[in-house]
Visitor: 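This is the structure I have questions about; it appears just below.
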Amino acid sequence: MRIATWNINSIRSRHARAIDWMVREDVDVVAFQEIKCTEAQFPLAPFEEAGYEVVLHGLNQWNGVAIASRHPIEDVEIGFPGQPGFLKGHEGPDAPLEARAIGATIEGLRLWSLYVPNGRALDDPHYAYKLDWLATLAADTRDWLAADPELPLALMGDFNIAPLDSDVGDPSFIPGLSTHISPPERTAFSAFEKAGLRDVVRPIRPDGFTFWDYKQLRFPRNEGMRIDFILGSQAFADRVVDASIHREERKGDGPSDHVPVVVDLDLGLEDDDDRPMIF
DNA sequence: ATGTCCATTATTAATGGA
C-alpha cells in the first residue's frame, strides 16, 4: 500500500498532472491540500476513471482538503473535535471553521489530510490561530491514541512548519522575524511527538525539501523548505517499509509549489502486488 | 524586479492568499 500527501495548489489546475503521477507511481491513497474548490467544482470524473474514490471538504477558493483512494473510504470526518475557526476581522470563538481537515479510514488506517494555517506574520491574528489549531489537534491525537493505543493513525499534510534549521533553505525565512521557524511553532510541532506520533519519512529520507516558492527562482536555486509531513502512530510506523519525496514533480509545466511525500506500507494484504507471489 | 501562481470580482485590471 502506497500513500502520499500533496499540497496540490488548485486541483482544477492540476488534476491531470496529479492523476498521471498517481497512476505512474502506483499510489493507492493521496491526501491533498489546497484543492481550492467546492465539492461541486471538484474534477471527480477523471479520478473515478483512473480508479479513485474521492472524499473532500471545500468551502470556497481558499484552502480545501481531499482524500483520493483506490480502496474503500470509511468513517469520513470533516474537521477535528474542537477545531478553531478564523475569519479576518472577525477573530474569536465564533469565527467560522475553514476547510483544513478531513479524516477517513482506509484499510484500517485512520488518515487525516491537514492544511495547517500559514500564520502570515508573528504579530498577525492568523499566527495565534495557527498555534491554537495545532494545540487542539495535538490534544485530539492524545485522545485518539488513549482510546486505542494500537490505532494505525497518520496525520498527513502541509504543516507550514520547518522543524529543523536544516529544513530551511529559503533565505526569506529569517530567525526572529518569520513564521514557520519560530520556537512556538516548533514547540507546537513537537507536541505531536509527545502525543505518540513520529515523522515516518525522515528516518528513511533525512534530506530534501518538499516546497519551493514560485518566486525568486527558489526551485532552480534549491532554496526550499521541508514543511510537508506524515506523522504516524506506533502501529502505523510499524507498517512502514519505505518513504520518498518526489522532487521531480516540482519540474515541468505547471507544477504545484509542493511535491508529493510518500510512504510505502506492508499491511499484509493478499492482493498487495509489491511482493512476489509464491505458490 | 517579490524574476510567481491561483481564484475571484470585475470588465482588462485589481485583490487576497500563499
Side-chain angles (χ1 to χ4, degrees), chain A residues 5-19 21 31-44 46 56-66 84-91 95-101 113-134 156-163 167-174 177-182 185 188-189 209-229 247-261:
Chain A
T5 183
W6 196 358
N7 180 321
I8 196 65
N9 185 21
S10 172
I11 195 66
R12 283 179 287 176
S13 291
R14 265 176 273 288
H15 65 268
R17 185 168 176 149
I19 293 167
W21 176 80
F32 287 110
Q33 300 86 40
E34 283 210 85
I35 61 171
K36 291 186 169 178
C37 69
T38 64
E39 186 141 20
Q41 295 170 316
F42 192 97
L44 269 184
L56 66 109
H57 178 39
L59 296 172
N60 49 41
Q61 72 270 42
W62 309 123
N63 318 305
V65 284
F86 185 84
L87 185 62
K88 193 175 180 181
H90 299 81
E91 291 85 20
L97 299 193
E98 298 184 301
R100 295 181 177 274
S113 180
L114 301 165
Y115 182 42
V116 176
N118 174 286
R120 297 182 184 166
L122 298 180
D123 61 354
D124 193 294
H126 211 255
Y127 179 78
Y129 166 55
K130 178 180 193 174
L131 296 178
D132 186 20
W133 201 97
L134 288 162
M156 312 171 65
D158 176 358
F159 283 77
N160 271 316
I161 296 171
D167 298 332
V168 185
D170 185 328
S172 64
F173 286 83
I174 299 160
L177 296 178
S178 303
T179 62
H180 294 61
I181 59 174
S182 71
E185 288 166 280
F189 188 82
F209 302 131
T210 64
F211 159 85
W212 296 260
D213 201 306
Y214 291 120
K215 296 179 282 192
Q216 303 285 136
L217 293 173
R218 291 302 185 214
F219 185 64
R221 296 174 186 272
N222 195 29
E223 295 174 340
M225 301 284 281
R226 187 170 177 133
I227 57 176
D228 300 271
F229 299 101
R247 188 178 191 280
E248 294 296 305
E249 284 307 301
R250 186 63 177 79
K251 301 179 179 178
D253 292 332
S256 172
D257 43 1
H258 296 249
V259 296
V261 176

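Keep in mind the model is a prediction, meaning the values are calculated, not measured. A note on names: the letters A, B, ... follow the listed sequences, proteins ahead of strands, and every chain is numbered from 1. The figures that follow rest on heavy atoms only: side chains count, while hydrogens, waters and symmetry mates do not.
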Visitor: Give a yes/no answer on whether the side chain of Gln61(A) brings an N or O atom under 4.0 Å of OP1 or OP2 in dC5(B).
Guide: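 Checking Gln61(A) against dC5(B): no side-chain N or O falls below 4.0 Å of OP1 or OP2.
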Visitor: Checking side-chain polar atoms at under 3.5 Å, does Asn118(A) have a donor or acceptor matched by the opposite partner on Lys130(A)?
Guide: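 Asn118(A) vs Lys130(A): no donor-acceptor pair found between side chains.
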Visitor: Report the residue (Asp213(A) or Gly119(A)) whose heavy-atom-nearest nucleotide on DNA chain B is the more 5′ of the two.
Guide: Asp213(A)
Visitor: Taking ring-ring contact (aromatic ring centres under 6.0 Å, His included) as the definition, give me every residue that meets it alongside Tyr127(A), ordered by chain and number, with sequence neighbours left out.
Guide: none
Visitor: By side chain to side chain contact (heavy atoms under 4.5 Å, CB included), which residues pair with Ala18(A), not counting sequence neighbours?
Guide: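 Counting only residues at least two positions away or on another chain, Ala18(A) forms a side chain to side chain contact (heavy atoms under 4.5 Å, CB included) with Trp6(A), Ile8(A), Phe32(A).
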Visitor: Side chain of Tyr214(A), heavy atoms from C-beta onward: which of dG16(B), dC5(B), dA18(B) has the nearest atom to it?
Guide: dC5(B)
Visitor: Name the nucleic acid region contacted by Arg250(A), choosing base, sugar-phosphate or nothing; use a 4.0 angstrom heavy-atom cut-off, strictly under.
Guide: nothing
Visitor: In whole angstrom, what separates Ile8(A)'s CD1 from dC5(B)'s C1'?
Guide: 13 Å
Visitor: Contact class for Tyr115(A) vs. all strands (heavy atom < 4.0 Å): base, sugar-phosphate, or nothing?
Guide: sugar-phosphate
Visitor: Going by the rule ring-ring contact (aromatic ring centres under 6.0 Å, His included), which residues pair with His15(A) if we only count those two or more places apart in sequence or in a different chain?
Guide: none
Visitor: OP1 or OP2 of dA18(B) sitting under 4.0 Å from any side-chain N/O of Lys215(A)?
Guide: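 No.
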Visitor: Which nucleotide, dC6(B), dG16(B), dA18(B), lies nearest any side-chain atom of Lys36(A)?
Guide: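 Per side-chain heavy atoms of Lys36(A), the pick is dC6(B).
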Visitor: Summarise how protein sits on nucleotides 9-15 of chain B as a single string, 5' to 3': B when a protein heavy atom is under 4.0 Å from the base, S for sugar-phosphate-only contact, - for no contact.
Guide: -------
Visitor: May I ask you to verify if any side-chain N or O of Arg14(A) is less than 4.0 angstrom from the OP1 or OP2 atom of dC6(B)?
Guide: yes
Visitor: Hey, does Glu98(A) reach any base, or is it just sugar-phosphate, or nothing, if we go heavy atoms under 4.0 Å?
Guide: nothing
Visitor: Could you list the residues that satisfy side chain to side chain contact (heavy atoms under 4.5 Å, CB included) with Asn63(A), not counting sequence neighbours?
Guide: Glu98(A), Arg100(A), Tyr115(A)
Visitor: Please determine if a side-chain N or O atom of Ser10(A) lies less than 4.0 Å away from the OP1 or OP2 oxygen of dC5(B).
Guide: no
Visitor: Which sits closer to the 5' end of DNA chain B, Ile35(A) or Lys88(A), going by the nucleotide each is nearest to?
Guide: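 Nearest-nucleotide comparison on DNA chain B picks Ile35(A).
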Visitor: Kindly write out the residues that satisfy ring-ring contact (aromatic ring centres under 6.0 Å, His included) with Phe219(A), not counting sequence neighbours, or none if the list is empty.
Guide: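 Scan of Phe219(A) (ring-ring contact (aromatic ring centres under 6.0 Å, His included), adjacent residues dropped) gives Trp212(A).
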Visitor: Using a cut-off of strictly less than 4.0 Å, decide whether Arg12(A) has a side-chain nitrogen or oxygen near OP1 or OP2 of dT8(B).
Guide: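 Result: yes.
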